[in-house]
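So you know, we letter chains A, B, ... as the sequences are listed, proteins then strands, and number each from 1.
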There are 2 protein chains.
Amino acid sequence: MKPKQPTDLMAPPERPAPVAGAAGRAPGVLSEKHVARLSVYRRLLQDRPAGAPPEIYSHDLAALSRSTAAQVRRDLMTIGFTGSPARGYRIDQLIEAIGRTLDAPAGQGAALCGVGNLGRALLDYFTIWRPQLRIVAAFDTDTAKTGRVIHRCRVYPLAELEAVVRAQGISVGVITVPAASAQRVAEMMLAAGVRGFLNFAPTPLHLPDGAYVEEMDITTSMETVAYFARHLPGAAATEKP
Amino acid sequence: MKPKQPTDLMAPPERPAPVAGAAGRAPGVLSEKHVARLSVYRRLLQDRPAGAPPEIYSHDLAALSRSTAAQVRRDLMTIGFTGSPARGYRIDQLIEAIGRTLDAPAGQGAALCGVGNLGRALLDYFTIWRPQLRIVAAFDTDTAKTGRVIHRCRVYPLAELEAVVRAQGISVGVITVPAASAQRVAEMMLAAGVRGFLNFAPTPLHLPDGAYVEEMDITTSMETVAYFARHLPGAAATEKP
DNA sequence: CTTTCTTTGTGAAATGAATCACAATGTGAA
DNA sequence: TTCACATTGTGATTCATTTCACAAAGAAAG
Ligand SMILES: NC(=O)c1ccc[n+]([C@@H]2O[C@H](COP(=O)([O-])OP(=O)(O)OC[C@H]3O[C@@H](n4cnc5c(N)ncnc54)[C@H](O)[C@@H]3O)[C@@H](O)[C@H]2O)c1
Ligand SMILES: NC(=O)c1ccc[n+]([C@@H]2O[C@H](COP(=O)([O-])OP(=O)(O)OC[C@H]3O[C@@H](n4cnc5c(N)ncnc54)[C@H](O)[C@@H]3O)[C@@H](O)[C@H]2O)c1
């Protein structure tokens, strides 16, 4: 009946507890929500049609991104970007300012582990990607897949992970291996110097502080959507009457 | 200089504003966060090894799911599930209780639109899926893909969407078409009766209240991970010195 | 030049979510 | 049977995020 963790001899009762991907942010570092919204703003602004005006108001950017005008202004405030009351925000400058915050000046490399159905789709998707953040190496245990180049990305055997990650200074890892291997592969990447993880396997990763993990849990997202499809205001619930 | 939205003649200044997928929840309906965590709890409990004990403590479930014991207890409280102070929570009963909350008693059908790289990977992934929530139809404009059966799922031409969705009472839509088509395809699905959307296209969908949308923005997730890989406490930032 | 707009930037307030902390519970050991 | 103790359930509290609301700015019209 003893608990696994015997009430931590001399620490306060309940665990310090990780909230999001990693431990509490350092000062001056944005929150996950801010970063995510800035990423969306930038993409929407970059995707604008050619003839569009060179400025934009907070409420127009809000409408594009399903946000609110106040939220947009707050977000831009956090990166110290200012506009003019009469003309709004300069789009080209805003894109650049977001880039200064989000992008690594010298670029950043990512590695993908598990070149299966999903891994190949992602490799394809990210080839058409800006040089600031690219998948520069892939790894798999299947010898039918290693040694080849898929979607311009070389696929290495897993044994070479440490060497390749170190040599290329890769800091981001994308995990698309079966659930049973995800934890082990993540630890290998961490040991090789990877600091940020995007995990598609349906198992939460357990990594120490000093690693940031984002769970892309498609199963949970699907279940969430299904739940709200039934519980929306005015939904007669898809249940037998 | 006139704004697109002329300060809403008689509504309060700034828009009511959608926060998450849809409008404010009805009373008695869980929050997105609660639903997402419950989904994770259930999957972790179902995936337990055979010999594991039939009960679990909040702090053990918390450790599995990267949550906290207090959080777990709160979540179970919201669905009215109770355990015993001495033995914890009965796992079989808990799985069932979560199912009563998350699953539609009569099952729920989903449709996938866009059978490309990502769409095929998802079809494959969701074939091995419990009957409570299944992808029962796929749609594409490419005649090379329609008429066939991929991963046990029939692929229909887009023109048949309305008829098939209505006939099968499909309530969930998965969007994996190119960004330029996403909004149009979503509107078709909505018109046919789909209420919940999982959008993989890198453009936010604009649907009226009465639809729930979850954006699976892989690009943004990737940029977020890259950002925190550089800004973790103790990260020397991947920038040239 | 002055008036009339609309918008920005931002303290202050409101809302929402996570955490704390502890009384109540009940089990197993003595 | 009684004691000791780890865990549950939950009100209260803290923390984070969003929204409100308004002073300040500046362009256009008269
Ligand atoms: N396919 C999807 O749409 C989808 C959706 C959500 C989640 N996922 C998850 O993503 C992961 C991959 O899915 P998939 O459909 O691509 O599976 P898959 O079986 O097609 O691909 C897995 C790949 O990983 C490789 N692999 C296995 N063990 C490995 C190891 N230890 N190191 C390196 N490579 C290894 C295999 O050789 C294979 O190429 C799974 O965890 C799955 O649950 C997939
Ligand atoms: N591949 C990935 O890993 C990935 C990652 C993130 C986001 N996405 C997004 O998901 C979407 C699909 O990506 P993909 O790589 O599978 O692209 P893809 O080009 O391989 O597939 C697109 C499919 O949609 C079909 N299609 C096109 N227009 C259609 C329409 N109006 N109605 C129905 N079907 C239509 C095409 O025939 C094709 O089969 C894109 O929006 C992409 O940006 C993909």
Side-chain angles (χ1 to χ4, degrees), chain A residues 1-9 11-20 24-25 27 29-38 53 55-63 65-90 93-94, chain B residues 1-9 11-20 24-25 27 29-38 53 55-63 65-90 93-94:
Chain A
M1 182 81 0
K2 280 281 179 64
K4 264 71 180 172
Q5 184 204 15
T7 313
D8 265 343
L9 292 171
E14 306 224 326
R15 207 144 336 143
V19 174
R25 308 190 297 283
V29 176
L30 304 182
S31 78
E32 301 177 56
K33 301 252 177 90
H34 277 140
V35 172
R37 281 192 301 261
L38 288 169
E55 287 111 357
I56 192 167
Y57 295 119
S58 59
H59 63 259
D60 290 327
L61 186 47
S65 58
R66 306 192 39 183
S67 183
T68 65
Q71 182 78 77
V72 167
R73 294 200 296 272
R74 267 269 180 254
D75 288 337
L76 301 194
M77 203 176 79
T78 63
I79 61 169
F81 188 83
T82 63
S84 110
R87 273 185 254 98
Y89 301 95
R90 279 282 302 273
Q93 291 179 357
L94 178 49
Chain B
M1 182 74 6
K2 276 284 179 69
K4 262 71 180 172
Q5 186 207 14
T7 314
D8 267 344
L9 295 170
E14 305 221 329
R15 206 145 338 145
V19 174
R25 306 189 298 284
V29 177
L30 304 181
S31 79
E32 301 178 55
K33 301 253 177 87
H34 278 139
V35 171
R37 282 191 302 260
L38 289 169
E55 284 110 359
I56 193 167
Y57 294 120
S58 59
H59 63 258
D60 290 327
L61 186 47
S65 59
R66 305 189 43 180
S67 184
T68 66
Q71 182 78 78
V72 167
R73 294 201 295 273
R74 267 265 182 261
D75 288 338
L76 302 195
M77 204 177 77
T78 62
I79 61 168
F81 188 82
T82 65
S84 109
R87 273 184 253 101
Y89 301 95
R90 280 281 303 274
Q93 292 179 356
L94 179 49

Please determine, for the side chain of [X], which listed nucleotide ([options]) has the closest atom?
X: A:T68; options: C:dT7, C:dG9, D:dT19; value: D:dT19
X: B:R74; options: C:dA17, C:dC20, D:dA12; value: D:dA12
X: A:Y57; options: C:dT7, C:dC20, D:dG9; value: C:dT7
X: B:Q71; options: C:dA18, C:dA17, D:dA21; value: C:dA18
X: A:A86; options: D:dT18, D:dT7, D:dA27; value: D:dA27

Given [N], is OP1 or OP2 found less than 4.0 Å from the side-chain N or O atoms of [X]?
X: A:R37; N: D:dT18; answer: yes
X: B:R87; N: C:dT27; answer: yes
X: A:Y89; N: C:dG9; answer: yes
X: B:S58; N: D:dT8; answer: yes

For [X] and [N], what is the distance between atoms [atom1] and [atom2] respectively, to the nearest whole Å?
X: A:D60; N: C:dT7; atom1: CG; atom2: P; answer: 8 Å
X: A:E55; N: D:dA27; atom1: CD; atom2: P; answer: 11 Å
X: A:R73; N: C:dA12; atom1: CZ; atom2: P; answer: 17 Å
X: B:D75; N: D:dG9; atom1: CG; atom2: C1'; answer: 13 Å
X: B:L94; N: D:dT7; atom1: CG; atom2: C1'; answer: 16 Å
X: B:M77; N: D:dA12; atom1: CE; atom2: C1'; answer: 12 Å
X: B:R90; N: C:dT27; atom1: CZ; atom2: P; answer: 13 Å
X: A:I79; N: C:dG9; atom1: CD1; atom2: C1'; answer: 14 Å

Closest heavy-atom pair and its distance - B:L61, B:V72: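 So the two residues come closest at CD2-CG1, 4.0 Å.
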B:K33 vs A:T82, nearer the 5' end of DNA chain C by closest nucleotide: A:T82
Interatomic distance, B:T68 atom OG1 to B:R73 atom CZ [nearest 0.5 angstrom]: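 Those atoms lie 8.0 Å apart.
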Straight-line distance of A:E32 CD to A:R37 CZ, nearest 0.5 Å: 11.5 Å
Donor-acceptor pair, side chain of A:Y89 and main chain of A:F81, under 3.5 angstrom: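 No: the side chain of A:Y89 does not pair with the backbone of A:F81.
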Close side-chain approach of B:L76 to B:T82, heavy-atom, < 4.5 Å: no
Pairwise 5' ranking along DNA chain D for A:S84 and A:S31, keeping only the more 5' one: A:S31
